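Below is one structure, written out as structure tokens; comments come after it.
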Amino acid sequence: MDKTQLSVLVNADAEQVWLMLREPARIAQWHGWEMDGLQEEIQQIYYGDDVTEGPDHLRLELGMGDVFTLEPVPDGTRLTLTRGQATGEWAKYDADITEGWSVFIQQLKFKLERHPHTPRRTIFADGTSAAHTRLWDALGIDTGWLPDAGEPYKLTLTTGATLEGKVWYRTESQLGLTVADYAEHGDGLLILAQQAPVEGVREHPGAQVIASTWGLGAAAMDAIGSQWDSFMETHYPDA
């Protein structure tokens, strides 16, 4: 069976990328979002007995057969995650795990390229929709109009917020946007993810919003968080 590979080109040398994979404080700046239990999750995934480091620091084998490889290239480092296969109680989450890794490696790339020395703060919201709401429609985003990755965009969402920046990446189920208002200097990163129903996990379609911010004050963070919480309560209110 062909294994799924997720890959990003990071504008940094392999040593810097390796440190992002091996130092707990750095991992917390791109793996997931701020939440209770994050440090325990990091310890389990990256420092368990089943984790193996390559002697050249270009290969990291995790549990469930997931493998990171680092390839130095002229433009930086090609970071590739080759997925293993979740088994046992984790098998039903395998597709969600793949989607999660897709988000995380994009967050790693953004962190290292845009804000290598500034702590990240995050806002996370999620939910499901018994009405089978489509995330892009609920937000008023015409994905057919959106430019390609690396190109500038400007959107006014149904929430009333106007976002401006560049398209960071796009997949069938995820959209990454840089957002000027999500950082005091430079820009922040907004990742919007649609989730398909999964038997035993999610009866209805779901959505996730991960906003990575840098240097914002409490009032700005509260405003962004309230905006996304309100959106989820309206369009994805089901557990």
Side-chain angles (χ1 to χ4, degrees), residues 1-10 12 14-72 77-112 120 122 124 126 128 169 171-174 176 189 191-210 212 239:
M1 182 178 66
D2 293 338
K3 292 190 174 182
T4 299
Q5 288 192 327
L6 306 169
S7 185
V8 291
L9 176 61
V10 184
E15 182 179 0
Q16 294 179 75
V17 176
W18 180 257
L19 290 175
M20 295 296 282
L21 295 171
R22 300 313 295 142
E23 293 188 3
R26 296 181 191 242
I27 296 171
Q29 290 292 300
W30 61 267
H31 179 98
W33 45 86
E34 292 174 284
M35 65 175 187
D36 293 337
L38 177 60
Q39 293 303 324
E40 290 78 5
E41 180 172 301
I42 288 172
Q43 288 295 323
Q44 179 183 5
I45 293 173
Y46 297 93
Y47 301 97
D49 295 337
D50 51 358
V51 174
T52 304
E53 295 185 1
D56 54 3
H57 289 182
L58 295 176
R59 181 182 176 90
L60 179 67
E61 298 183 21
L62 306 178
M64 294 192 291
D66 293 330
V67 179
F68 278 110
T69 54
L70 288 68
E71 178 190 1
T77 304
R78 174 70 61 182
L79 176 65
T80 300
L81 173 68
T82 302
R83 284 286 346 268
Q85 184 72 40
T87 58
E89 63 179 332
W90 292 102
K92 62 185 179 182
Y93 298 102
D94 195 61
D96 278 1
I97 293 171
T98 298
E99 291 293 308
W101 280 123
S102 178
V103 169
F104 298 169
I105 64 172
Q106 292 291 342
Q107 292 181 159
L108 183 156
K109 171 181 168 69
F110 191 88
K111 167 64 180 174
L112 195 50
R120 177 183 72 146
T122 62
F124 174 78
D126 69 343
T128 63
Y169 78 104
T171 71
E172 288 187 7
S173 57
Q174 296 179 7
L189 181 64
I191 295 181
L192 306 167
Q194 294 190 135
Q195 297 177 304
V198 176
E199 185 176 356
V201 178
R202 246 183 338 272
E203 181 180 1
H204 306 298
Q208 291 184 329
V209 174
I210 307 108
S212 294

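Only a predicted model underlies this, so the values are computations on that prediction, with no experimental measurement involved.
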Do [X] and [Y] come within less than 4.5 Å of each other through their side chains, counting heavy atoms only?
X      : Y      : answer
Trp30  : Leu21  : yes
Phe68  : Val17  : no
Ile191 : Phe124 : no
His31  : Glu41  : yes
Val103 : Ile210 : yes
Asp96  : Arg202 : yes
Asp94  : Gln85  : yes
Val201 : Gln195 : no

Could you report the tightest heavy-atom contact between [X] and [Y], atom names first, then the distance?
X      : Y      : answer
Ala14  : Thr77  : N-OG1, 3.0 Å
Ser102 : Leu6   : N-CD1, 3.6 Å
Gln43  : Pro24  : NE2-CG, 4.2 Å
Leu189 : Gln106 : CD2-O, 4.4 Å
Ala12  : Leu112 : CB-CD2, 3.7 Å
Gly32  : Gln107 : O-NE2, 3.1 Å

Output all residues satisfying salt bridge (Lys or Arg N to Asp or Glu O under 4.0 Å) with [X], sequence neighbours left out; order by chain, then residue number.
X      : result
Glu61  : Arg59
Arg120 : none
Glu53  : Arg22

Worksheet entry | Flag if over 12 foreign heavy atoms under 6.0 Å of CD, Glu34 | yes

Checklist line | Short side-chain donor-acceptor distance under 3.5 Å, Ser173 and Gln194 | finding: no

Distance col, row Lys92:NZ vs Ile97:CD1, nearest 0.5 angstrom, shows 11.5 Å

CE of Met20 to CD1 of Ile105, rounded to nearest 0.5 Å, is 13.0 Å

